[in-house]
Amino acid sequence: MSETMKERKEKLFSAMKNGYDRMEEQDFVGMQAYCEAYKDFLRRCKTERECTRRGIALAEEKGFVPYHRGMHLQPGDKVYTCNRGKSLMLAVIGLESMAQGVQIAAAHIDSPRLDLKPNPLYEEGGMAYFKTHYYGGIRKYQWVTIPLELRGVIACKDGTLVDVVLGEGAEPKFVINDLLPHLGAEQGKKPLNEAIPGENLNILLGSQPVGDEDGSDRVKLHILERLHEKYGITEDDFTSAELEAVPAVEVTDIGLDASLIGAYGHDDRVCGFAALQAILELEMPNKTAVCMLADKEEIGSMGVTGMQSAAFDTFLHDLCESQGVALRECYENSFCLSADVTAAYDPNFGEVFERRNASMINHGMGLCKYTGARGKSGASDASAETVAYLRRLLDDAGVVWHISELGKVDAGGGGTVAMYMANRNIATLDAGVPVLSMHAPFETVSKLDCYMTYRGCKAVFEA
Ligand code: MN
Ligand code: MN
């Protein structure tokens, strides 16, 4: 009996289907529960420090304990190490020796934002402002005329660390103002990326003066008095502060069908939470599972808390040493899922995407064999074997996934922590949640993709 044309096509053609046509009934229940937990995480965590702190709290609830060098570890033991309050590494010890390699999921928990300058406070035109220096690749015009919060820490000279949260909940917010259209004729002629210069991203703090009417800087004084009252700080303390202005927007479902989530900071907390949740549910994996939540990805993964820091190697070296295993041997047998977001195809801007190789909303976890720009420059470009390995793992676990590129070849590009893992001699592949309006103050993702990325991380840990 000869096959029909339909059968011949089904046999040979790739069938990239919408995840909703591929999910099992029980997946929908799991997806809703998972996404509610993710939304709760996002509501609490708007900075890398807050993500780290919350990650530790959730881990301790699941029996993870702080790792101490020289600790005797057995299969099933759960440990974590916090790197300077801004990055978190967790491990569940596997049945096999670490010489057989470890299974890593690495995501970043820093997001684009506006950092305060070291001398931020000034008064002009009867109003007080903070000067900012943006962190990561932002489209500056998106950050004006939206409510902002201030979060972070002030490290005082005496060694105390003051936590700052201003503008949360019903508290007064902050804003960066824009020009009125009536006077915007010249500004309107400028390209988008020049219309709002970086030096214009000044945050409005207040307008009510204190003291005698002939004094100067009376609004600035008022602001400092309020800050001194609340935190005991003076103007000089800004010198050693890390204060971040982040959007004061609610995490919320999007769409009449509530199939999407809108929030600040999906990049890359959406993968960070997926990796975290997956490792928290592990009990006795075959291979040791490692979850890396890194800082500083948005500015190149530099610094002591970035993915290029030796902190990761130190943690893995210490774990290996407890089993008498050489780190280099562990690395060469390890696999790393570089869990980071990808650009979702947006029909409003279809011209920058190559439709056959674009990440699609609701098509599950988006794999990226390579990132980079101008001919894959700066990409670790995973090997065919590495892609095949993950394909098998995801298919066996029933994870919905697809593979794509960021956008058209000459349209631009991007990077992740993948290359820094690959440079360590760890087979690494990028995969994560497709995002709409990436790096905007309010980004959008699909619930199905969030859930499938978590399932993907789980499949990696359970290999
Ligand atoms: Mn990212
Ligand atoms: Mn990013």
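When a residue number appears, it is its place in the shown sequence, counting from 1. For the numbers below, each heavy atom of this structure counts, side chains included, while hydrogens, waters and symmetry mates do not. Numbering of ligands and ligand atoms starts at 1, following listing order.
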Practice item. Step by step, work out the side-chain hydrogen bond (donor to acceptor under 3.5 Å, both in side chains) result for His363 and Asn18. Key: CA-CA 5 Å; His363 281 63; Asn18 191 300; 4.6 Å; no
Review point. Would Phe64 and Tyr80 count as a close aromatic pair, with their ring centres under 6.0 Å?
Key: no
Exercise for review: Go through the steps for Tyr38 and Gln277 under the test side-chain hydrogen bond (donor to acceptor under 3.5 Å, both in side chains), then give the verdict.
Suggested key: CA-CA 9 Å; Tyr38 171 51; Gln277 189 65 22; over 6 Å; no
Review point. What protein N, O or S atoms come within a distance below 2.8 Å of the Mn ion (ligand 2), ordered by chain and number?
Key: Asp267 OD2, Glu298 OE1, Glu298 OE2, His439 NE2
Revision key, fill the gap. Taken to the nearest 0.5 Å, the spacing of Glu443 CD from His266 NE2 works out to 6.5 Å
**Study point:** Centroid separation Tyr264 to Phe442 less than 6.0 Å
**Key:** no
Check your understanding: Ring centres of Phe130 and Phe174 under 6.0 Å apart?
Key -> no
